[in-house]
S.K.: 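The following block contains the structure, expressed as structure tokens.
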Amino acid sequence: MTPSQNGRAIALLSGGLDSTVSLADALTRHAVVKALTFDYGQRAAQSEIRASRALAAYYGLDLEIVELPWLAAMLPQALSRHADTAPERTRPQDGAVSETTRRVWVPNRNGVFINIAAAYAEAMDAPIILFGANADEAAGFPDNTQAYRDAVNRSLTFSTLSHVQVETPLGGCSKKAIIKRGKALNVPLDLIWSCYEGGLEHCGVCPSCVLLRDALAESGEPVYLSFLSEES
């Protein structure tokens, strides 16, 4: 059976905007049999897990928390639980990998996540992996691009007998477009966590918060800006 004939899927769910709306979009045509959330020592791990649990409960999904303690030693200081400061306010830059990207880059993180998901997918007869890439972050992060997805899919035809494939339902969309799609699908945006920091409120100043804040403002969704605190 080819992936197109079997709509069972494994979802990568961080609790953030992109993975959540990608999941909601995919649920219109796929049966998601498991969602995976990763704890790799990042500052926001517990907040991401809390958001992912709430979202999995909302959609009635089986959620598994995958712990990767060995990856914690490879985190950049800006994302480590042991760092004193978070990444400064900035946005992805087009073109070559920027210093901004390097400050928050986790070595092969998405590659690790996808390959773990591929093992689950093959074992569970779910030949689709849902990955929440987006066009805005693809400008600065090469592992958010469609080219990366296509390259990974070529490699998975060798590493999985069932030829598991990655889908990026909203990979060509901006954050603004993703919010619009989320609203159309009645996604509970108040449950998401899209901040590099942990805690109960978004910091409002890290690169991820900046992207989300701008997209919410451009989308005319000021009600959701209330969960984005901002330091003066």
Side-chain angles (χ1 to χ4, degrees), residues 9-26 35-38 40 42-44 48 51-52 55 66 68 71 74-76 78-79 86-87 89-118 121 128-156 164-182 187 189 192-196 202 206-216 218-219:
I10 300 291
L12 297 176
L13 181 63
S14 70
L17 173 71
D18 309 315
S19 66
T20 300
V21 180
S22 292
L23 167 64
D25 181 86
L36 301 177
T37 298
F38 295 89
Y40 51 98
Q42 72 273 34
R43 296 165 73 97
E48 290 178 7
S52 295
L55 290 160
V66 180
L68 302 174
L71 190 54
M74 305 178 197
L75 291 180
L79 297 187
R89 171 189 289 269
T90 188
R91 296 171 177 79
Q93 300 174 11
D94 292 328
V97 175
S98 67
E99 185 57 34
T100 297
T101 298
R102 296 184 190 282
R103 285 199 297 271
V104 296
W105 184 261
V106 181
N108 198 31
R109 175 178 58 185
N110 285 340
V112 170
F113 292 176
I114 288 170
N115 274 283
I116 290 173
I128 299 164
I129 298 169
L130 302 172
F131 172 39
N134 71 87
D136 287 343
E137 288 177 323
F141 295 87
D143 61 354
N144 261 253
T145 62
Q146 303 288 58
Y148 172 74
R149 179 204 61 193
D150 294 343
V152 167
N153 281 340
R154 288 195 295 273
S155 74
L156 288 174
V164 171
Q165 295 285 274
V166 176
E167 287 189 7
T168 53
L170 302 173
C173 297
S174 66
K175 293 270 188 181
K176 178 180 177 180
I178 291 173
I179 290 170
K180 182 178 180 180
R181 180 60 176 155
V187 172
L189 295 178
I192 68 171
W193 187 265
S194 289
C195 180
Y196 286 149
H202 288 65
C206 72
S208 186
C209 279
V210 169
L211 280 175
L212 179 59
R213 176 181 292 279
D214 289 352
L216 286 168
E218 292 170 5
S219 302

S.K.: Taking all atoms of both residues into account, what is the closest heavy-atom pair of Ser174 and Ala135, and its distance?
M.R.: N-CB, 4.2 Å
S.K.: When rounded to the nearest 0.5 angstrom, what is the spacing between CG in Leu71 and CZ in Phe38?
M.R.: 10.0 Å
S.K.: Would you compute the distance between atom CG of Leu212 and atom CG of Asp136 and round it to the nearest 0.5 angstrom?
M.R.: 11.0 Å
S.K.: Stepwise, does the side-chain contact (heavy atoms from CB on, under 4.5 Å) test hold for Phe113 with Val66?
M.R.: CA-CA 9 Å; Phe113 292 176; Val66 180; over 6 Å; no
S.K.: Pro169 pairs by side chain to side chain contact (heavy atoms under 4.5 Å, CB included) with which of Val21, Leu130, Ile178?
M.R.: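 By the side chain to side chain contact (heavy atoms under 4.5 Å, CB included) criterion, Pro169 pairs with just one of Val21, Leu130, Ile178: Leu130.
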S.K.: Can you see which heavy atom on Gly111 is nearest to which on Asn115, and at what distance?
M.R.: O-ND2, 2.9 Å
S.K.: As an exercise, state the distance from OG1 of Thr168 to CG of Asp18, rounded to the nearest 0.5 Å.
M.R.: 11.0 Å
S.K.: About how many Å separate CD of Glu218 and CZ of Arg213, when rounded to the nearest 0.5 Å?
M.R.: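 Reported to 0.5 Å precision, the distance equals 12.5 Å.
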S.K.: To the nearest 0.5 Å, tell me how far Ser14 OG sits from Leu23 CG.
M.R.: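 Atom-to-atom, Ser14:OG and Leu23:CG are 10.5 Å apart.
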S.K.: What is the minimum heavy-atom distance between Met74 and Pro107, and which atoms define it?
M.R.: O-CD, 3.4 Å
S.K.: Of all heavy-atom pairs between Ser19 and Leu12, which one has the smallest distance, and what is that distance?
M.R.: CB-O, 3.4 Å
S.K.: Which atom pair, heavy atoms only, marks the closest approach of Gly132 to Asn144?
M.R.: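 That closest heavy-atom pairing would be O-OD1, 4.4 Å.
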S.K.: For a 4.5 angstrom cut-off between non-hydrogen side-chain atoms, does Asn134 reach Lys175?
M.R.: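 A side-chain contact under 4.5 Å exists here.
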S.K.: How many angstroms lie between CD in Glu167 and CG in Asn153, if you round to the nearest 0.5 Å?
M.R.: 9.0 Å
S.K.: Determine whether a donor-acceptor pair (N or O, by modelled atom type, separation under 3.5 Å) exists between the side chain of Ser194 and the backbone of Leu17.
M.R.: yes
S.K.: Using every non-hydrogen atom in the two residues, find where Ala118 and Leu156 come nearest and quote the distance to one decimal.
M.R.: CB-CD2, 3.8 Å
S.K.: Which label fits Tyr148 and Phe131: parallel for a plane angle under 30°, tilted from 30 to 60°, or perpendicular past 60°?
M.R.: perpendicular
